[in-house]
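Keep in mind that the numbers below use all heavy atoms, side chains included, and drop hydrogens, waters and symmetry copies.
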Number of protein chains: 2
Amino acid sequence: MARNRRPVPKEQKRDELLAAAAQLLVLDGYEATSMSRLAQHAGVAPNTLYWYFHDKDELLVAVADRYLQALLREHASLADRPLADQFLWLIERLRPVKHLVATVHNRVAVSASVREWHTGFHQSFENLFERQLAGPLAAEHRTAEFAAATFILEGAITHGIDEATTGQLCKITADRLHRVAEAKMNAI
Amino acid sequence: MARNRRPVPKEQKRDELLAAAAQLLVLDGYEATSMSRLAQHAGVAPNTLYWYFHDKDELLVAVADRYLQALLREHASLADRPLADQFLWLIERLRPVKHLVATVHNRVAVSASVREWHTGFHQSFENLFERQLAGPLAAEHRTAEFAAATFILEGAITHGIDEATTGQLCKITADRLHRVAEAKMNAI
DNA sequence: ATCGATCTTGAATGGTAATCAAGAGACGGT
DNA sequence: ACCGTCTCTTGATTACCATTCAAGATCGAT
């Protein structure tokens with residue numbers, strides 16, 4: 001048990017800092033937002049951020065995860081919509097943070113915490129695919145097909161694609177996954 | 001005509017700086033390589049880099065373009081190999097610079113020069129598709145199909161995918177493009 | 001020999017992420 | 001009621017960064 005407790009529980013304050021950080025990071029991006037400015041916007045000294053987060057990368061990961069978890073919670077209520085619609089919804093929801101998605105991919109090579117979160121991010125996508133497809137995929141196709149679907153969605157998020165093309169990409173990806181799940185491999 | 005000429009022509013020296021910069025950037029990545037270190041490794045003062053390149057971003061673009069142009073020149077001799085093989089070759093050639101690919105995507109939002117080069121980068125991919133497919137695609141499918149293919153290839157480059165999966169992704173992408181080009185849209 | 005353009009550099013500026021050591025605040029044990 | 005200890009907060013500092021400025025060096029043309 002915690003021996004000492006502050007008036008504001010640690011988890012809560014951490015979440016407040018996260019909420020404040022999310023605003024600035026979404027607005028201006030990772031590299032254009034300094035720890036000083038994040039602290040200032042949260043009404044706290046820069047060093048306080050380093051008490052709750054080891055790194056700027058760890059802060060990025062926490063913000064990204066906060067966003068992702070909220071997204072997945074919201075997504076749960078759409079689970080019976082057509083898969084292409086779910087993809088479209090996901091893309092439109094992730095577009096506002098597309099620069100952060102790009103930053104995550106960029107910092108995978110640099111930061112261990114980002115690297116770890118990134119694999120979880122992909123895992124979430126694959127879990128979603130698996131859940132939606134009812135039948136399990138043949139093991140030999142699963143990895144590549146899921147990777148292809150994930151890459152298309154990631155590309156649609158991070159690149160500024162027009163609405164019509166985005167819709168087509170969602171349809172292409174969903175159709176393909178359904179076909180593979182039905183194991184009509186000769187038609188693929 | 002140039003009124004004054006240095007013992008070493010400007011273009012040549014620029015290219016030497018580029019070659020030196022490429023080594024370090026490929027090895028350590030964009031953010032971990034400072035302009036000072038790039039200058040030091042090229043045997044020149046940091047400011048000299050700013051005479052030949054306006055920005056660190058412009059230097060990145062120049063290095064990336066140097067790499068891409070060499071790649072496309074080499075690729076020309078593979079034009080009669082199966083499309084999937086060409087994709088595999090491209091991916092294996094771009095993997096060593098995957099962090100730079102990620103950096104380019106990350107800095108598209110920040111730097112105008114990177115943004116401009118990035119569209120050219122995608123254009124090169126689409127040109128390659130078009131050239132390889134013999135018949136032209138239906139206009140209504142072209143954009144989305146090319147985008148999907150590009151995103152899969154980009155994903156395969158930037159993510160650390162194992163060899164088997166990479167091969168499958170190449171095959172999936174190539175097959176799909178061929179099918180679409182043959183306009184068997186009912187089977188897609 | 002000189003002029004002007006091209007190229008190079010040392011020094012400085014304003015910013016950055018991160019660290020360190022000192023402090024303030026709350027609680028449990030006494 | 002005091003005290004020590006743990007939690008949290010901060011000011012000061014460090015080392016580095018991209019970029020700019022003004023001054024210098026070097027060359028070709030006149």
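Across the protein-nucleic acid pair, B/Leu49 atom CG and D/dA18 atom P stand 10 Å apart, rounded to whole Å. Protein atom CD of A/Glu11 is 11 Å distant from nucleotide atom P of D/dC8, rounded to whole Å. If you take CD of A/Gln40 and P of D/dT10, they are 13 Å apart, rounded to a whole angstrom. When the P atom of C/dT8 is taken as reference, atom CZ of B/Arg14 falls 13 Å away, rounded to whole Å. If you take NE2 of A/His54 and P of C/dA17, they are 15 Å apart, rounded to a whole angstrom. For B/Leu60 and D/dA18, the CG to C1' distance is 14 Å, given to the nearest whole Å. Rounded to whole Å, the distance from CH2 on B/Trp51 to P on D/dC21 is 15 Å.
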Kindly give the atom pairs (protein nitrogen or oxygen, nucleotide nitrogen or oxygen) under 3.5 Å for nucleotides 13-16 of chain C.
| from | atom 1 | to | atom 2 | distance (Å) |
| --- | --- | --- | --- | --- |
| C/dT16 | OP1 | A/Ser34 | OG | 3.1 |

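Separation of the A/Phe87 and A/Phe129 ring centroids falls under the 6.0 Å cut-off. A ring-centre distance under 6.0 Å is not found for A/Phe146 and A/His122.
Listed nucleotides C/dC7, C/dT9, D/dT9 differ in distance to B/Tyr52; the shortest reach to its side chain belongs to C/dC7. Between C/dT6, C/dT9, D/dT9, one nucleotide has an atom nearer to the side chain of B/Thr48 than all others, and that is C/dT9. With D/dT9, C/dA18, C/dT9 as the choices, the nucleotide that has an atom nearest any side-chain atom of A/Tyr50 turns out to be C/dA18.
Note that B/Lys56 lies in the cation-pi zone of B/Tyr30, set by a 6.0 Å cut-off to the ring centre and a 45° limit from the axis.
For C/dT8, the OP1/OP2 oxygens have a side-chain nitrogen or oxygen of B/Lys13 closer than 4.0 Å.
Taking the six-membered ring for Trp and thresholds of 30 and 60 degrees, A/Phe121 and A/His105 have ring planes more than 60 degrees apart, a perpendicular arrangement.
A/Asp57 and A/Ser113 share no side-chain donor-acceptor pair at under 3.5 Å.
If you take CG on B/Leu153 and CG on B/Leu169, they are separated by 8.5 Å, rounding to the nearest 0.5 Å.
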